[in-house]
Every structure is written in C-alpha cells, then in structure tokens.
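First comes the structure, then the notes that go with it.
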Amino acid sequence: MPEPSILFLRACLAVLAMPIYLLSFLGIWEPFCRKIFFPYFLERLSTVHEKKAKKQKQELFRNLRDFTSSSGELRLLEIGTGCGANFQYFPPGCKVTCTDVNPHFQKALSRNMNKNQHVHYERFLVAAGEDLHQVPSGSVDAVICTLVLCSVRDVNGTLKEVLRVLRPGGAFYFLEHVAADRSSWRHFWQQVCYPTWKLVFAGCCLTRELWKNLEEANFSEVKVQHISISLPGTPIQPHIIGFAVK
C-alpha cells in the first residue's frame with residue numbers, strides 16, 4: 001500500500017487532470033488518445049529521445065548483422081513500431097515486419113519509411129505484443145522493442161511471444177525506461193504520477209522493473225545495461241538497454 005504522502009499527491013494530481021478523468025469516464029478519452037493525442041505526443045517524444053539516445057542505439061544495433069540466418073537474409077520483427085524511429089539503425093537489405101497495437105501512426109511512419117529506403121518493409125500488422133499469432137513460430141532472426149514494454153498489458157506474455165517467433169539463436173533487442181531505485185526521490189515521484197500518467201499516456205507504466213522479467217524469461221543469454229536518459233519535465237530517467245539470445 002503506498003504511503004499517505006503518495007496517496008495525497010496522487011489525489012492532487014488527479015484533481016489537476018480531472019477533465020481527462022471525466023473524458024475517460026465518458027468513454028471519450030481513450031479513442032481520442034489513440035487516434036490523435038498519443039501519435040502526436042509520441043512523434044515529439046521520439047524526436048527528443050532520439051537526440052539523447054542516438055549513440056546508445058547505434059551501439060545497440062551495431063551487431064544486428066551477426067544474427068543473419070543461414071539463408072543470408074536478416075528478418076526483423078519490430079514490436080510497437082510507432083513512428084518508425086528505429087529504421088535508421090537497421091542494416092541495408094534487411095526485411096522488416098512492423099507491428100503496433102495502435103494503427104494511427106500512418107503519417108509519421110510513412111515519413112520514416114520514405115527516409116529509410118535501405119530497409120525492405122514486408123508488412124504492417126495491427127497486433128499487441130502479447131498476441132503475435134500472425135507471425136509464424138521461429139520465423140524471425142531478431143525482434144526489436146524500444147519504449148514498448150512499459151505499456152504492454154502482460155510483459156511476461158510478450159516475452160513468451162518473442163521467444164516463440166524467434167528462430168533458435170535469434171536475438172531480442174530492447175531499450176526501455178524502467179523504475180528508479182526504490183530509495184530515490186525519482187521513484188517516489190514515479191509512484192505519485194503513476195495512475196494519472198498511465199491514463200494520459202496510453203497505459204505507460206513508470207514503475208516496471210523490466211530487467212527482472214528479462215532475467216526470468218527463458219533466454220539462453222541476457223545482456224542488460226542500466227543507463228540514464230533524462231527526459232525533462234517527466235519522471236523518466238533510468239533505462240535498460242541490451243539484447244537477449246534465444
């Protein structure tokens with residue numbers, strides 16, 4: 001149970017965000033958020049995040065080619081493609097299947113596809129990370145997932161699907177914001193903001209300790225690095241980055 005000070009501050013924040021809570025109660029906020037607000041917000045957040053994380057992403061995806069299959073093809077599946085911010089890091093000639101639970105990113109996604117024509121885009125699937133039934137088992141060489149596990153409904157279910165669609169020896173690449181140290185003030189504010197933040201930003205959870213889910217999944221090897229990427233005006237700073245091998 002959160003301490004009284006957290007509950008009090010949560011209530012204060014809820015009062016400030018009362019119009020959004022009211023719209024949610026009336027069933028208006030979720031469709032508006034999915035179609036208009038969140039695509040708009042995510043495109044701008046991606047621009048800020050890319051500037052701060054560019055070097056880390058370049059290093060993360062540097063060895064993607066190492067997972068090319070014996071056929072000579074590199075087949076990628078991206079979960080939560082969103083605006084397509086990762087396309088620039090993918091090797092030339094790779095084949096990408098894009099997925100997202102929200103189909104309303106067309107404008108930004110099309111712009112990034114046009115900018116990154118070194119990539120072969122096979123198809124776009126409207127699918128949640130926990131249910132990739134449209135993707136055959138063992139059919140991809142690598143799965144990409146950045147700033148997505150914070151908002152999936154079932155982290156362990158998503159990782160189970162990742163393992164299913166990966167071929168043996170394939171890799172799961174991730175970059176995710178996570179909970180701050182439990183003794184820190186940042187974690188305190190993450191807890192304060194949690195309910196309202198989750199409502200406003202399409203299910204994004206601030207306090208997930210995702211490295212634990214990765215360590216408990218059935219990967220043969222997990223390489224996780226804890227890094228700091230601060231997003232001004234938000235309680236987001238701690239991230240994890242790395243890859244896991246099936």
Q) Taking a hydrophobic cluster as the set of Ile, Leu, Val, Met, Phe, Trp and Tyr residues connected by side-chain heavy atoms closer than 4.5 Å, whether directly or through intermediates, do Ile28 and Leu199 fall within one such cluster? A) yes

(Q) Regarding Thr207 and Gln190, do their side chains bring together a donor and an acceptor under 3.5 Å, going by distance alone? (A) no

Q: Identify whether Val165 and Leu214 are in the same connected component of the hydrophobic contact network (ILVMFWY, side-chain heavy atoms under 4.5 Å).
A: yes

Q. Okay, side chain of Asp100, backbone of Gly82: is any donor-acceptor separation there less than 3.5 Å?
A. yes

Q. Can any side-chain N or O of Gln106 pair as donor or acceptor with the backbone N or O of Pro103 at less than 3.5 Å?
A. yes

Q: Begin from the C-alpha positions of Thr146 and Asn86 and carry the test side chain to side chain donor-acceptor pair (under 3.5 Å) through to its verdict.
A: CA-CA 8 Å; Thr146 62; Asn86 292 324; 2.8 Å; yes

Q: Could you walk me through whether Tyr89 and Leu60 pass side chain to side chain contact (heavy atoms under 4.5 Å, CB included), step by step?
A: CA-CA 9 Å; Tyr89 305 106; Leu60 172 66; over 6 Å; no

**Q.** Test log, rule side chain to side chain donor-acceptor pair (under 3.5 Å), inputs Asn63 and Tyr173
**A.** CA-CA 10 Å; Asn63 69 339; Tyr173 286 77; 2.7 Å; yes

Q | Whether Trp211 side chain and Gln225 backbone form a donor-acceptor pair below 3.5 Å | A | no

(Q) Whether the side chain of Arg208 engages the backbone of Leu149 through a donor-acceptor N/O pair (distance < 3.5 Å, no angle test) should be reported. (A) yes

Q) Per the side-chain contact (heavy atoms from CB on, under 4.5 Å) rule, which among Val155, Asn156, Asp154 passes with Val152? A) Val155

Q | Side chains of Phe243 and Phe219 in contact at under 4.5 Å (non-hydrogen atoms) | A | no

Q. Should we count CD of Gln134 as having more than 12 external heavy atoms under 6.0 Å?
A. yes

Q. Got Arg186 and Gln237 here, is their nearest side-chain heavy-atom distance under 4.5 Å?
A. yes

(Q) As an exercise, state the distance from CZ of Arg75 to SG of Cys94, rounded to the nearest 0.5 Å. (A) 12.0 Å

(Q) Could you go through Glu50 and Gln88, starting from their C-alpha distance and side-chain angles, then the distance that decides it, and tell me whether this counts as side chain to side chain contact (heavy atoms under 4.5 Å, CB included)? (A) CA-CA 11 Å; Glu50 279 303 307; Gln88 60 185 301; 3.4 Å; yes

Q) Hey, what do you get for OG (Ser46) to CG (Leu147), rounding to the nearest 0.5 Å? A) 7.0 Å

Q. Is any NZ, NE, NH1 or NH2 atom of the basic residue among Glu221 and Lys223 found under 4.0 Å from an Asp or Glu carboxylate oxygen of the other?
A. yes

Q.
Side-chain heavy atoms nearer than 4.5 Å, only ILVMFWY residues, links allowed to pass through others: does that put Val200 and Leu16 together?
A. no

Q. Just by distance, do the side chain of Ser184 and the backbone of His187 share a donor-acceptor pair under 3.5 Å?
A. yes

Q | Side-chain donor or acceptor of Ser220 paired with backbone N/O of Val245 under 3.5 Å | A | yes

Q: To the nearest 0.5 Å, tell me how far Leu166 CG sits from Arg164 CZ.
A: 10.0 Å

Q. Quick one: are Cys83 and Lys107 in side-chain contact, heavy atoms under 4.5 Å?
A. no

**Q.** Beyond-backbone contact of Leu45 with Thr47, side-chain heavy atoms, under 4.5 angstrom
**A.** no

Q.
Is it the case that the side chain of Lys246 and the backbone of Leu163 share a donor-acceptor pair, with hydrogens and angles ignored and the cut-off at 3.5 Å?
A. yes

Q.
When you compare the side chain of Leu206 with that of Cys193, does any pair of heavy atoms fall below 4.5 Å?
A. yes

Q: I would like to know whether Leu76 and Val140 meet side chain to side chain contact (heavy atoms under 4.5 Å, CB included); could you show each step before the answer?
A: CA-CA 6 Å; Leu76 307 182; Val140 298; over 6 Å; no

Q | Co-membership, hydrophobic cluster, residues Tyr194 and Met18, 4.5 Å side-chain | A | no

Q. Checking Thr68 side chain against Leu74 main chain: does a donor-acceptor pair fall under 3.5 Å?
A. no

Donor-acceptor pairs under 3.5 angstrom involving side-chain atoms of residues 32-43: please list them, not counting sequence neighbours.
from  : atom 1 : to     : atom 2 : distance (Å)
Tyr40 : OH     : Arg44  : NE     : 3.4
Glu43 : OE1    : Arg111 : NH2    : 3.2
Glu43 : OE2    : Arg111 : NH2    : 2.4

(Q) Between Cys98 and Leu125, does the side chain to side chain contact (heavy atoms under 4.5 Å, CB included) criterion hold? Intermediate values first, please. (A) CA-CA 6 Å; Cys98 303; Leu125 302 174; over 6 Å; no

Q: Flag yes if Phe61 and Leu77 sit in one hydrophobic cluster, no otherwise; membership is Ile, Leu, Val, Met, Phe, Trp, Tyr, and two members link when side-chain heavy atoms are under 4.5 Å apart.
A: no

**Q.** Option from Glu73, Glu122, His120 for which side chain to side chain donor-acceptor pair (under 3.5 Å) with Lys95 holds
**A.** Glu73

Q. Which pair of non-hydrogen atoms, one from Val224 and one from Val222, has the smallest distance, and what is that distance?
A. CG2-CG1, 3.3 Å

Q: State the CD1-CZ distance between Ile241 and Phe174, to the nearest 0.5 angstrom.
A: 8.5 Å

Q | Atom pair CD/CG of Glu209 and Asp181 - distance to nearest 0.5 Å | A | 9.5 Å

(Q) Salt bridge or not between Lys160 and Glu130? Use side-chain N to carboxylate O under 4.0 Å. (A) no

Q: State, without any angle test, whether Tyr121 and Thr97 hold a side-chain donor-acceptor pair at a distance under 3.5 Å.
A: no

Q) Does one side chain, of His49 or His177, offer a donor that lies under 3.5 Å from an acceptor on the other? A) no

Q.
As an exercise, state the distance from NZ of Lys198 to SG of Cys150, rounded to the nearest 0.5 Å.
A. 11.0 Å

**Q.** Ser5 and Phe188, any side-chain heavy atoms less than 4.5 Å apart
**A.** yes

Q | Check: Gly129 main-chain N/O paired with Arg153 side-chain donor or acceptor under 3.5 Å | A | no

Q: Evaluate the side-chain proximity of Lys51 to Val48: yes if any heavy-atom separation is below 4.5 Å, no if none is.
A: no

Q) Is Ile227 close to Ile240 at the side-chain level, that is, under 4.5 Å between some pair of heavy atoms? A) no

Q. Do Glu59 and Arg62 sit within salt-bridge range, that is, some charged N less than 4.0 Å from a carboxylate O?
A. yes

Q: For Thr234 and Leu231, indicate whether the former's side chain and the latter's backbone hold a donor-acceptor pair under 3.5 Å.
A: yes

